[in-house]
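Chain A is the first sequence line, chain B the second, and so forth, proteins listed ahead of strands; every chain is numbered from 1. Computed from a prediction, not measured in an experiment: that's the story for all the values here.
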Amino acid sequence: MKMHKKINILTLAGLLAITYLSGLHAVQFAPYYDFKLTQGVSVPSRGTPEFTLCLANDLGFIARVHPKHSIVAFYELKYIGPSINRDGSSIRSLEGSSFTDRYIDYLFIVRHSWVYSKMFTFKTQVDSMIENTRTGANEAWGYGLYDFNRTGLMFSADMTFETFKLDASIQYSLLDFPNYTDLLGELQAGAGDGESQTGKQNHNILQIRSNLKYKGNKFSLGTTMQSYLKQKVVTSVVQANGTYYSAELQKENLISIGVERKQKVSEFLILSPYLSYKIKDSNQNYQHFTTAGSSVPVAYQGDYYDYTELTVGLPMIFILSEKWDLILTPELSQKNYSSRPPLDANNNFTDGKQANNLMLMNVAFEKKSSEVARWALFYSYQQQASNVRFEKYLPYNYSGSFFGIKYSLRY
Amino acid sequence: MIKKISLIAVIVLFYASSLYCGDDFLTSEVTRISTKLIDNPADFLFNLHSDNVDFTPVPKDKNVTIRTNFYPTTFPTTWVNLNFKVKVLSDSGYTPWIPQVDLIGQYGKVMAIDMAASDVDSSSSSTKVSNSDMAYGLMVTKAVSETTRLFFGLCYSKMELIVDLGNNDNDDNAVSSISLSANDTFFVSGIENSLSDDKPSYVKAHLGYGLRTKKIVSRIGWYSNHFETGFNFYPEGLFVMHYFMAWHWNF
């Protein structure tokens, strides 16, 4: 962690130094700064109301070092407080986490753009991100179980044709979870030759994406392949080493297809409907233990993590005046697990397949106060329904409201 | 002994009066607030100290800024404070890329604790109290347009409250001292935007990040010729949001 901290500080110092060195060499240069605040109250049907604060501070610049070459550097520090709606604007699935978790993200991006011709632009990007989590009141930053460091490299190509634009990108990322372990998992694995859980969250990600833009329509297609470095696949029978882990490493693939359209209906109304469909395929299976202290599994579930998810949304922007907008964003999402049966209230599997339905409605009044300042009053209602009834640790069936104010200053 | 108890009572009252600094009173918050206060009282004091610290750059046509935060520190907690900023380099002073450079210094004291301590001191030479908050740093500012300036810098910040009760009656269970201290070096970045061409009227926002403790302090403020108001934000603090009022003079 100390090394990452040093890298962060050096990165920031470098960013600021480049800002001024760019000026020295008469490079065309434009700084970028963005301060975003969301302050609100989150009132879930399960659990207690929480005051929520999200803060983001972005520093960056774009430097045109040559008529065909430019560099963008960007550093973001982001705090996400406890909430049912993680960043106050977009929905983030809560399955597997609680309302009270808090995060600090540190993100650094350097991107080089090369305008090769009128038709082709190539981009190369290096990015680094550290996420710290706090799941308990007394847990110190930097010691979270799910803290991770991500390092990535991306190449992309933008192609501009007469009537449409096409882009394609490939990104490789390595995620390292320095604090991760699962003592309960080690206990449940049983036998004297138990597998250490340390490092089992570490994985590589390869993402390939493409977007096609045509007359206000955008079609997107992407695949995300995750390969775990140490996590092995669970089997139904005890292996020679006394555990339920086979020699095969965990691999996952997520295919996503999306379509959206920006439609200006009149001078006062803009619609941006979108639809996305995701297919998750994992070779990981699951051994079920009914109690925390149990070391004997009671049920084996193959393809436990496979699912499909359909999301539909219809953002509506009502332009009330030159400075005021009213934004309504209804969104529906349905997640169906391919093989996973739901749990009853006693933590036992029942018949059928697990399904989660999520409904979100955002209403926001936004005002552009000046060239750089804007603020919004917002209300967000969120409801999830699931056939999972075991909710001792994590909520599956809940509703909640989130309201507050957003403020941003951006140059 | 009674005077020692009264000293502790003043400190407790200081805490209690400070509770009115926040605006997020809800019954359901009481337990959380109590637990947090007991868990880390120094952090709460440090947040009040951070209300006193200011990073707003000295105006372009001025050289010195003196500022005092009068709510929620001077009133109601008797925490008097002064913040000095001195411009040592002007924006574009020598060449266009030279930024404005300001030196920052801040000092404060809680008068109620000092007065109670002097009362105790007069009757009990073994009891000693010290409380102070201070900060110093360097800020770099660059105008990016006619109305907007960006700034960043480093600032060391410290708050300390030590009560040495001087118990020497060989009672191992007696409380012998109360020591609350917090400090860190903050990296700060922010933006200032002029709201009016006719009169001094600005909005500013900044975010500071503690390099050692990962503590976040942030402010959105509006200020005119002398008066400042706005909100300070401490995401992990006892009170996440502090409303503040301050007064400044530019020379």
Side-chain angles (χ1 to χ4, degrees), chain A residues 5 8-9 12-13 15-16 19-26 29-37 39 41 43 48-59 61 75 77-82 100 102 104 106 132 134 137-138 140-142 369-373 375 405 407-411, chain B residues 22-24 26-29 31-32 35-36 39-40 92 95-99 140 142 144-154 187-196 203-220 222 231 233-237 239-241:
Chain A
K5 190 177 170 184
N8 249 330
I9 295 166
L12 203 54
L15 182 62
L16 297 169
T19 300
Y20 279 98
L21 288 174
S22 301
L24 278 174
H25 291 90
F29 168 82
Y32 173 79
Y33 181 82
D34 192 8
F35 174 94
K36 285 191 288 270
L37 165 86
Q39 169 79 62
V41 180
V43 189
T48 54
E50 293 272 5
F51 285 92
T52 297
L53 177 71
C54 298
L55 274 167
N57 197 57
D58 302 344
L59 280 169
F61 68 84
Y75 182 83
L77 174 65
K78 189 176 189 180
Y79 171 89
I80 303 169
T100 53
R102 290 151 290 160
I104 292 184
Y106 312 84
N132 286 172
R134 279 186 89 175
N138 296 322
W141 289 116
S369 307
S370 71
E371 285 294 309
V372 300
W375 63 276
I405 189 167
Y407 189 80
S408 77
L409 285 170
R410 180 192 298 169
Y411 176 81
Chain B
D23 61 349
D24 44 4
L26 276 182
T27 309
S28 63
E29 287 285 282
T31 306
R32 182 192 70 82
T35 311
K36 269 198 159 183
D39 178 49
N40 193 356
S92 308
T95 63
W97 57 269
I98 284 280
V140 175
K142 191 75 186 159
V144 291
S145 74
E146 287 289 314
T147 57
T148 306
R149 294 196 296 173
L150 303 180
F151 55 92
F152 58 87
L154 285 172
F187 173 77
V188 181
S189 60
I191 184 169
E192 177 203 66
N193 180 238
S194 173
L195 297 172
S196 169
V203 58
K204 62 151 276 185
H206 75 244
L207 187 139
Y209 174 73
L211 299 178
R212 185 173 56 81
T213 58
K214 302 185 182 214
K215 182 177 177 63
I216 290 174
V217 297
S218 185
R219 175 176 298 172
I220 295 176
W222 294 265
F231 300 93
F233 299 94
Y234 307 103
E236 298 283 300
F239 296 105
V240 169
M241 187 164 74

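Residues meeting the salt bridge (Lys or Arg N to Asp or Glu O under 4.0 Å) test with B/K215, sequence neighbours left out: B/D43. A search for side chain to side chain donor-acceptor pair (under 3.5 Å) contacts involving A/Y33 returns A/N57, not counting sequence neighbours.
With values rounded to the nearest 0.5 angstrom, A/R102 atom CZ is found 12.0 Å from A/L53 atom CG.
Both the backbone and the side chain of B/I191 come within less than 4.5 Å of a heavy atom of chain A. Interface remark: B/S189 contributes backbone and side-chain atoms alike to the contact with chain A (heavy atom separation under 4.5 Å). Heavy atoms of A/E371 lying under 4.5 Å from chain B are absent altogether. For a residue to count as touching a neighbouring chain, one of its non-hydrogen atoms must lie under 4.5 Å from one of that chain's; by this rule A/Y411 touches chain B with backbone and side chain alike.
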Check the pair B/E236 / A/Y79 against side-chain hydrogen bond (donor to acceptor under 3.5 Å, both in side chains), numbers first and verdict last.
CA-CA 10 Å; B/E236 298 283 300; A/Y79 171 89; 2.4 Å; yes
